[in-house]
Each structure stands twice: as structure tokens, then as C-alpha cells.
Amino acid sequence: MTEPNLDPAVDYPLSVHRSDLLFTPTGKPFDAVTMDAVIAGEIEAADLRITPEALRLQAQIAEKAGRTQIGANMRRAAEMTAISDERVLQIYNALRPNASTKAELDAIADELLDTYNAEHLATLVREAAEVYERRDILAESE
């Protein structure tokens with residue numbers, strides 16, 4: 001599906017102006033997520049998670065509004081939805097100063113790219129490895 005061309009002045013917030021574009025991870029329309037539906041048992045926990053598509057739409061709105069860093073964050077968040085919470089926390093901990101070697105960070109970047117097609121996240125990890133190397137805050141090799 002082609003991503004729609006959004007206009008921040010008209011389409012933001014998406015939940016108000018373009019809810020037709022928003023769906024839960026189980027495919028329910030955004031507007032179906034109501035308190036009545038929750039009480040009736042029609043909404044499950046998975047319906048309360050954001051989808052990568054919604055995050056990419058938010059990224060487009062942010063970028064067109066001149067908020068490029070927020071847009072980049074949203075694009076990385078969209079990629080993270082494919083990764084288990086446990087693995088995200090492991091990667092987060094590996095990115096702490098002095099926690100990983102450059103080779104370990106490069107391996108994480110390779111994993112992100114090869115396993116999850118997470119190009120934006122892989123780039124971020126590689127950039128962190130380069131900065132950590134310049135600042136001498138990489139873990140020592142064993």
C-alpha cells in the first residue's frame with residue numbers, strides 16, 4: 001500500500017482528521033477502539049499497541065512540519081515494532097557507554113539490518129559505535 005501524502009496543517013492530528021488511515025495491529029479501525037468495545041471484550045491488548053504504519057504517518061507529518069529529528073525518531077520506532085521487547089532492552093543496554101565493543105555494536109547493527117530490515121536503527125547503532133570509539137567509551141575486547 002502506498003503511503004498517503006499528508007499535510008500537517010490539514011491532517012494533524014491523525015486521530016481526529018485522518019482516523020481512516022489508522023488501524024490496530026489486529027486490523028481493527030482506530031475508531032473501533034472505544035470504552036464500550038473494551039468492556040464488551042472486543043478489544044484485546046494487542047489492539048492498544050501502535051502500528052509501524054501509524055508511526056510512519058506520524059513521521060511524515062513531523063518531517064513536513066520541519067521537525068526532522070522527531071520524524072527520524074518515529075521512523076526508528078516504526079522499525080522497533082518488529083523487534084521483541086526483550087531484544088529492544090538488550091540492545092538498549094548494549095548501547096550504554098563502555099558496555100559493548102565496536103565489533104559487538106557492529107554485529108547488532110548487522111542483525112537489525114539483516115533480520116529486521118531496520119535500516120534507520122542500524123544506522124543509529126553504527127553512528128553510536130563511531131562516536132563511542134572517538135570518545136574512547138567502548139568496552140575493551142576480551
Side-chain angles (χ1 to χ4, degrees), residues 1-133 135 137-142:
M1 183 171 124
T2 304
E3 193 173 279
N5 187 13
L6 299 173
D7 178 352
V10 175
D11 297 320
Y12 183 81
L14 295 173
S15 62
V16 173
H17 299 290
R18 292 305 309 268
S19 64
D20 61 303
L21 299 174
L22 303 176
F23 296 88
T24 72
T26 65
K28 293 180 181 85
F30 173 78
D31 293 336
V33 181
T34 65
M35 188 55 72
D36 288 340
V38 170
I39 292 169
E42 298 166 2
I43 302 300
E44 54 191 84
D47 291 316
L48 302 178
R49 296 180 72 103
I50 196 161
T51 63
E53 296 82 12
L55 287 161
R56 285 191 289 271
L57 293 172
Q58 292 286 21
Q60 184 188 145
I61 291 280
E63 291 161 354
K64 287 184 175 180
R67 315 270 323 258
T68 56
Q69 188 59 54
I70 291 174
N73 289 344
M74 294 288 184
R75 292 193 186 284
R76 286 190 294 271
E79 292 177 344
M80 289 174 71
T81 63
I83 306 169
S84 74
D85 294 345
E86 179 182 9
R87 185 63 182 131
V88 168
L89 288 174
Q90 291 169 345
I91 293 169
Y92 173 81
N93 284 323
L95 283 166
R96 293 176 184 270
N98 299 303
S100 302
T101 64
K102 187 163 192 308
E104 290 167 335
L105 292 176
D106 285 339
I108 289 170
D110 290 343
E111 172 196 355
L112 289 167
L113 196 55
D114 298 341
T115 303
Y116 303 103
N117 197 30
E119 185 177 327
H120 300 286
L121 287 171
T123 298
L124 178 74
V125 171
R126 289 191 202 287
E127 288 173 359
E130 290 172 14
V131 169
Y132 289 7
E133 186 172 45
R135 293 184 178 174
I137 54 174
L138 289 166
E140 297 293 323
S141 298
E142 294 181 17

Hey, what do you get for CG (Leu48) to OG1 (Thr26), rounding to the nearest 0.5 Å?
-> 9.5 Å
Asp47 (side chain) donor-acceptor with Ile43 (main chain) under 3.5 angstrom | no
Using atom types as modelled and distance alone, determine if a side-chain donor or acceptor of Glu79 lies under 3.5 Å from a backbone N or O of Tyr116.
-> no
Could you pull out the closest heavy-atom pair between Thr51 and Pro25, with the gap in Å?
-> CG2-N, 3.6 Å
Would you please test Glu140 and Thr101 for side-chain contact (heavy atoms from CB on, under 4.5 Å) and show each step?
-> CA-CA 6 Å; Glu140 297 293 323; Thr101 64; over 6 Å; no
Nearest heavy-atom pair of Ala65 and Pro8: which atoms, and what distance?
-> N-CG, 3.9 Å
Quick one: are Ile108 and Arg87 in side-chain contact, heavy atoms under 4.5 Å?
-> yes
Report yes or no: does Tyr132 contribute a side-chain atom to a donor-acceptor pair with the main-chain N or O of Glu127 at less than 3.5 Å?
-> no
Salt bridge (Lys or Arg N to Asp or Glu O under 4.0 Å) partners of Glu63, counting only residues at least two apart = Arg75
Give, for atom CZ of Arg56 and atom OG1 of Thr81, the distance between the pair rounded to the nearest 0.5 Å.
-> 7.0 Å
Minimal non-hydrogen separation, Ala94 against Ala99, with atom names | O-CB, 3.9 Å
Count the heavy atoms belonging to other residues, nucleotides or ligands that lie under 6.0 Å from CZ of Arg96, then report whether that count exceeds 12.
-> yes
List the atom of Pro29, the atom of Phe23, and the distance in Å for their closest heavy-atom pair.
-> CA-CD2, 3.7 Å
In this structure, CG of Asp106 is separated from OG of Ser100 (nearest 0.5 Å) by 10.5 Å
Can you measure from CG (Leu105) to CD1 (Ile91) and round to the nearest 0.5 angstrom?
-> 10.5 Å
In this structure, are over 12 heavy atoms from other groups packed under 6.0 Å from Gln90 atom CD?
-> yes
Measure the CZ-CD1 distance between Arg18 and Ile61 for me, rounded to the nearest 0.5 Å.
-> 9.0 Å
Smallest heavy-atom separation, Ala122 atom then Ala109 atom, equals CB-O, 3.4 Å
Side chain of Gln60, backbone of Pro4: donor and acceptor closer than 3.5 Å?
-> yes
Give a yes or no answer on whether the side chain of Thr24 reaches the backbone of Lys28 with a donor-acceptor pair at less than 3.5 Å.
-> yes
Whether Thr115 side chain and Leu112 backbone form a donor-acceptor pair below 3.5 Å | no
With a 4.5 Å limit on heavy-atom distance, are the side chains of Asp7 and Lys64 in contact?
-> no
Does Val10 reach the side chain of His17, with side-chain heavy atoms less than 4.5 Å apart?
-> no
Crowded around Arg67 CZ? As in, over 12 foreign heavy atoms under 6.0 Å?
-> no
Atom CE of Met74 and atom CZ of Arg76: how far apart are they, to the nearest 0.5 Å?
-> 11.0 Å
Locate the shortest heavy-atom distance separating Ala37 from Ala32; write the atom from each residue and the value.
-> CB-O, 3.4 Å
